[in-house]
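What follows is a single structure, written as structure tokens, with notes after it.
Letters A, B, ... are given to chains in the order of the sequence lines, protein chains preceding strands, and every chain is numbered from 1. Here the structure is a predicted model, which is why all the values come from computation and not from measurement. Only heavy atoms go into these numbers, but all of them, side chains included; no hydrogens, no water, no symmetry mates.
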Protein chains: 2
Amino acid sequence: MSNDAKTRAHEAAAPATGSGTHGKSTINDVARLAGVSKKTVSRVINDSPLVRPDTRQKILSLMQEMGYAPDPQARGLAFRRSFLIGLVFDNPTAQYIVNLQYGALDALRDSGFELVVHPCDSKSEGYIEGIKRFAQQQKLYGVILIPRVSEDQALADALKEIGCRYVRIASVPMDEPANMVLTHDRQAGAEAANYLESLGHRRVALITGPKRYRSSIERGGGFTEALAKRGIELPPERVYEGGYTFESGVAGAEALLTRHPRPTAIFACNDEMAAGVYKAALRMGLSIPGDLSVVGYDDSPLASQLWPALTTLRLPVRDLGRQAAAMLLAENWPRAAQAQAGISVSPHLVVRDSCQPPQA
Amino acid sequence: MSNDAKTRAHEAAAPATGSGTHGKSTINDVARLAGVSKKTVSRVINDSPLVRPDTRQKILSLMQEMGYAPDPQARGLAFRRSFLIGLVFDNPTAQYIVNLQYGALDALRDSGFELVVHPCDSKSEGYIEGIKRFAQQQKLYGVILIPRVSEDQALADALKEIGCRYVRIASVPMDEPANMVLTHDRQAGAEAANYLESLGHRRVALITGPKRYRSSIERGGGFTEALAKRGIELPPERVYEGGYTFESGVAGAEALLTRHPRPTAIFACNDEMAAGVYKAALRMGLSIPGDLSVVGYDDSPLASQLWPALTTLRLPVRDLGRQAAAMLLAENWPRAAQAQAGISVSPHLVVRDSCQPPQA
DNA sequence: CTGAAAGCGCTTACAG
DNA sequence: CTGAAAGCGCTTACAG
């Protein structure tokens, strides 16, 4: 992944030992010591081609030597744009947020950009105004939108209106390619279905997330679709709408497992709900995978900590974050971003110990 | 908690509808429309007392009306200091990081300050240099240090040297009160011991975190101490040094539970390790709390999702974050911060279903 | 209580 | 390829 950093100077090492004056040198100091105008130094900072190679080299090593790094605030003021990337999210799991941050920071490392976190409540009145103000006031360079806010077209429109770059992480294309990182939830849901079918399961059940989450619709839809393609029906009484929470997983499993005949496998649309299924099964005296096979989604730390370890769909969240941030930094947005958008980030099945063929 | 915001203007609402000119008004526009100099507007922005009340009021409502908010970059450039707070952490759990962020953001809301995240690797060579550069380059207003980096005196010294405000979250005082938010781990460890003793347990075991974590030493130490005070000995063979990870909890429990006689209770120094104890017990056919009582630490979401629900010490992480950020913003640092430092954030026992008196 | 001047550290036109 | 002037939107001395 090419690092389209705006400037090389940001990679400046610590002030060279012994350089003296408190490491607070400015562009003027560099210019004076190099015997050029500050405009020339500025050109070097901004990787302009309009500098003679030897001049550039001389200035570059001088900056290195002095431990000079341009002041982001001064640059921002002149550019009318900051070097901050906003991370906007509603209420995903802690693990999701943190992994996304790590990924985004991977891409921002040594670029001179920093990551500013901005949680919000998409159900509150005027939350879009809040984000707009955040973007405008800080003159954000760009914004990364995480589900569920990424799915809000009104938010995207607001951002576009004020001219703020953004990238939406979502399960289906709902914007220009340059503004999207896709998570392919439908395909992953199908993988879960195919896996269970291949083990021999015919009476399977589904615990979805809330309908207002596009991911939930895609995961559940892909699952149902793939099942149908293999000739397996999923009647409404074997589908439970959960809330992506542990408790809803418990409730869903309790509802589904009291049906007769009992399903032999459950696909929960996230790991938290799958953990809820474990609890319900344990309480009902059902063994996993003996009496019940379970598949989750996310591959959160939880998945490997459950016993038996949970078979689940791994969502490479850190990669999503890295990808989104890299697209935002792309030199010639949106052209370059679009090219990068081709790099796909897909979930895949991680087989552990929570599934086996159904008992005869 | 008083919000010592530097300025009122940050709370400016969205541009009043119909105000026209794209909401990009500057201090000059305000000054012109108010018929005063920009210096006077500046005084209002910065809550200077040197403005006639009616003048101030007039300017304030004008700003509100225009949807004016001062540009943080321009202010920062003039102030030689940004309005950014850095959150520096090594590798705590995702839940800890996120809760701390939420807490810090609670305190920063409507203050004009933003939160910049900065993970690091305290085991890597020159990591302190990296943080120093981050603080210096961004001219951070202040930094919040989370364990384990908060325990590194060299880091604190480096920050002090460059004149960067910081607050350390840690289990014991190791700096000026104005620089500390205490988590009182020792006292909480004692609470765990007293609780188990009161239930009648005499053969108890302990799974600590890594020795290099001060929290681990305090939690374990408080536990051991309180036990001793009540006449219960904790021999070395009933103490296992874990790594604050799930896997180490499994390993620890496996080691401790094969001793004869078997301990009737285990205190794990965090919930992840407690979850590991659950797994080991389940595999060994031991029931919780029938055969074994378990106490964790953190009250992470995990705690209530385990079955039976885990009795644990609740660490109010969000409060820690709020407290730390509020101290950083205190008007007259370090005096005011010190006053706030009095507000204590203490863990307390949350009793759920994982403990009972030992079987006869 | 109020203001005119100079400056924070950079960049954008505009010339050459 | 290089530079002198003006400006980004604020604040700090310094006067009054």
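The side chain of B/S42 contributes an N or O atom lying less than 4.0 Å from OP1 or OP2 of D/dT11. Of the side-chain N and O atoms in A/N46, one or more sit less than 4.0 angstrom from OP1 or OP2 of C/dT11.
With hydrogens and angles ignored, the 3.5 Å screen pairs no side-chain donor or acceptor of B/S42 with any backbone N or O of B/K38. Checked by atom type and distance alone, the side chain of A/S82 pairs as donor or acceptor with a backbone atom of A/Q138 at under 3.5 Å.
A salt bridge is defined here as a Lys NZ or Arg NE, NH1 or NH2 lying under 4.0 Å from an Asp or Glu carboxylate O, and A/D121 with A/K123 fails to meet this definition. Looking at B/R168 and B/E151, no side-chain N of the basic residue comes within less than 4.0 Å of a carboxylate O on the acidic one, giving no salt bridge. Between A/K160 and A/D157 there is no salt bridge, since no side-chain N of the basic residue sits under 4.0 Å from a carboxylate O of the acidic one.
The distance between atom CG of A/D29 and atom C1' of C/dG9, rounded to the nearest whole Å, is 10 Å. Between A/I59 atom CD1 and D/dC1 atom P there is a gap of 13 Å when expressed in whole angstrom units. Taking atom CG of B/N28 as the reference point, atom C1' of D/dC8 lies 11 Å away to the nearest angstrom. B/M66 has its CE atom 12 Å from the P atom of D/dG9, to the nearest Å. For the pair B/R75 CZ and C/dG9 C1', the computed distance is 18 Å after rounding to whole Å. Between the C1' atom of D/dG9 and the CZ atom of B/R80 lies a distance of 14 Å, rounded to the nearest Å. Atom CZ in B/R81 sits about 16 Å away from atom C1' in D/dC10, given to the nearest Å. Rounded to a whole Å, the CG atom of B/L77 is 12 Å from the P atom of D/dC10.
When the nearest nucleotides of DNA chain C are assigned to A/V41 and B/A74 by heavy-atom distance, the more 5′-ward of the two goes with B/A74.
Residue A/V44 is tested with A/V51, A/V36, A/I27 for a side chain to side chain contact (heavy atoms under 4.5 Å, CB included); the sole match is A/V51.
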Worksheet item: Are A/R322 and A/D106 close enough, and set up right, to give a salt bridge (Lys or Arg N to Asp or Glu O under 4.0 Å), and what steps lead you there?
Response: CA-CA 6 Å; A/R322 184 162 28 221; A/D106 285 343; 2.7 Å; yes
Discussion item. If a pair means Watson-Crick or G-U wobble with both distances below 3.5 Å, what does DNA chain D look like in dot-bracket form, with | marking bases paired to a different strand?
Written reply: |||.||||||||.|||
Protein-nucleic acid N or O pairs under 3.5 Å, nucleotides 2-4 of chain D:
{"unit_1": "D/dT2", "atom_1": "OP1", "unit_2": "A/T55", "atom_2": "OG1", "d": "3.1"}
{"unit_1": "D/dT2", "atom_1": "OP2", "unit_2": "A/R52", "atom_2": "N", "d": "3.1"}
{"unit_1": "D/dT2", "atom_1": "O4", "unit_2": "A/R43", "atom_2": "NH2", "d": "3.3"}
{"unit_1": "D/dG3", "atom_1": "OP2", "unit_2": "A/S37", "atom_2": "N", "d": "3.0"}
{"unit_1": "D/dG3", "atom_1": "OP2", "unit_2": "A/S37", "atom_2": "OG", "d": "3.2"}
{"unit_1": "D/dG3", "atom_1": "OP2", "unit_2": "A/T40", "atom_2": "OG1", "d": "2.6"}
{"unit_1": "D/dG3", "atom_1": "N7", "unit_2": "A/R43", "atom_2": "NH1", "d": "3.4"}
{"unit_1": "D/dG3", "atom_1": "O6", "unit_2": "A/R43", "atom_2": "NH2", "d": "2.7"}

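Every residue was checked against the side chain to side chain contact (heavy atoms under 4.5 Å, CB included) condition with A/K58, not counting sequence neighbours, and none meets it.
Relative ring orientation between A/Y141 and A/F113 is described as perpendicular, the plane-to-plane angle rising above 60° on a 0-90° scale split at 30° and 60°.
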